[in-house]
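I have placed the structure first, in the form of structure tokens, so that the comments after it can refer back to it.
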Amino acid sequence: MGKGFSILITLAVGIAALVGGVLWWIGPSLAHLAFVDDRRADPYLVAEFLRGPVEPLQTRYIAPLQQLVTSEGGQSLAAYQLQYVANGQTRDEWPRLVFYRIPHARDVAQIMTSSPYGLMQDSITGLQAMRLGSYANSAHDEWQNTLLIFLVIARESTQLDPLTGLLAAATGSGGRVVLDAQIDPLDAEPPWQRMLVMDFPSDKVALDWLNSTAIGIERDLTSSANRDFAVMLYKR
């Protein structure tokens, strides 16, 4: 009895150590996608916000990343460059943004822990990334050249949709709401909770709408209604 109990304890400790090792290696968010989430077989969208030297970032990371995603059966939607931060702080200035879709959420962990992915990151000194994921499907397969990205952390006490006004104002803006999703910070701080993406045919159309008096009021209301709020303009 004593020997059997000791074996069970040893086995339990070994399993705990193994689980702990997996969590340390790939992180709790990726581990949840790979092993726990009951939706892990569903399609998954990833947004990678990137900082780093411009030319190495494009040739050594973004282009290889798009190839890696395609080789795993995924779809690279587009790569965009930051043009303007309308609301936010210095930490929200991410010069490059890449969106891609993976057929199964569990494969995100496989891609992000693969040797090619690790080598791509190691090849660029000073590379920083904020990776956000979501099960939401885009409203459109092809996105236009200009994006407005809205990121939100809601106040704990709020029960109302903090983006109601902006969503209502999107009608007649000249753009489209292509994504409105609850998001998972895969490895990032701050822990953004929601991402709204609107696409536009040009940065002029996007800025004309964003800088209009009515939208300025809605942005101020949205900012005060949330614990954190960022708005960025990106262009392909």
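Distance alone, capped at 3.5 Å, is enough to place a donor-acceptor pair between the R219 side chain and the L210 backbone. Side chain of S76 to main chain of Y100: no donor-acceptor pair is present (N/O by atom type, distance under 3.5 Å, no hydrogens or angles). Within the 3.5 Å criterion, the main-chain N or O of F49 finds no donor-acceptor partner in the side chain of R96. A side-chain donor-acceptor contact under 3.5 Å links T146 to the backbone of D203. Between the S223 side chain and the D220 main chain, no donor and acceptor come within less than 3.5 Å of each other.
I124 and P53 get closest at one heavy-atom pair: CG2-CD, 3.6 Å. Closest of all the heavy-atom pairs between A129 and L50 is CB-CD2, 3.7 Å. Shown here for A181 and S134, the closest heavy-atom pair between the two residues is CB-OG, 3.2 Å. The two atoms that bring G133 and L186 nearest to each other are N-CG, 4.1 Å, heavy atoms only. Closest of all the heavy-atom pairs between D199 and Q144 is OD2-N, 2.8 Å. Counting all heavy atoms, side chain and backbone alike, A41 lies closest to H104 at O-ND1, 2.8 Å.
Distance check: T70 OG1 to L65 CG gives 9.0 Å after rounding to the nearest 0.5 Å. Put simply, OG on S115 and CG on D122 are 10.5 Å apart, with the number rounded to the nearest 0.5 Å. Annotation: the span from Q66 atom CD to L77 atom CG amounts to 9.5 Å, rounded to 0.5 Å. Note: R227 CZ to Q193 CD = 6.5 Å, rounded to the nearest 0.5 Å. Between the CE atom in M120 and the CG atom in L57 there is a gap of 10.0 Å [rounded to 0.5 Å].
Classified by interplanar angle (parallel below 30°, tilted 30° to 60°, perpendicular above 60°), the ring pair W209/F150 is perpendicular.
With a 4.5 Å cut-off on side-chain heavy atoms, R131 and E48 count as touching. Put simply, the side chain of M232 reaches to within 4.5 Å of the side chain of L151, judged on heavy atoms. In this structure the side chain of E72 never reaches within 4.5 angstrom of the side chain of D107, judged on heavy atoms. Between R51 and P95 there is a side-chain heavy-atom pair separated by less than 4.5 Å. With a 4.5 Å cut-off on side-chain heavy atoms, N137 and L45 do not count as touching. Counting heavy atoms from C-beta on, the side chains of L97 and L82 never come closer than 4.5 Å. With contacts defined as side-chain heavy-atom distances shorter than 4.5 Å, the pair F200/L233 does not qualify. Using a 4.5 Å heavy-atom threshold, the side chains of M112 and V46 count as touching.
In the hydrophobic cluster analysis, where Ile, Leu, Val, Met, Phe, Trp and Tyr join through side-chain heavy atoms closer than 4.5 angstrom, L207 is grouped apart from W143. Each of L167 and L147 belongs to its own hydrophobic cluster when Ile, Leu, Val, Met, Phe, Trp and Tyr are linked at side-chain heavy-atom distances under 4.5 angstrom. Residues V85 and V197 fall within the same hydrophobic cluster, defined by Ile, Leu, Val, Met, Phe, Trp and Tyr side chains chained together at heavy-atom separations under 4.5 Å. Both L166 and M198 belong to a common hydrophobic cluster when Ile, Leu, Val, Met, Phe, Trp and Tyr are linked at side-chain heavy-atom distances under 4.5 angstrom. Follow the hydrophobic side-chain contacts under 4.5 Å out from I149 and you never reach I215; the two are in separate clusters.
Considering Y135, W192, Y44 as possible partners of D184, the one that fulfils the side chain to side chain donor-acceptor pair (under 3.5 Å) test is Y44. When each of L163, T222, V178 is checked for a side chain to side chain contact (heavy atoms under 4.5 Å, CB included) with L196, only L163 meets the rule.
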*Are V98 and Y61 close enough, and set up right, to give a side chain to side chain contact (heavy atoms under 4.5 Å, CB included), and what steps lead you there?*
CA-CA 10 Å; V98 181; Y61 189 86; over 6 Å; no

*Stepwise side chain to side chain contact (heavy atoms under 4.5 Å, CB included) test for D228 and Q89*: CA-CA 10 Å; D228 210 344; Q89 304 176 36; 4.3 Å; yes

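Residues that satisfy the side-chain contact (heavy atoms from CB on, under 4.5 Å) test with N145, not counting sequence neighbours, are R236.
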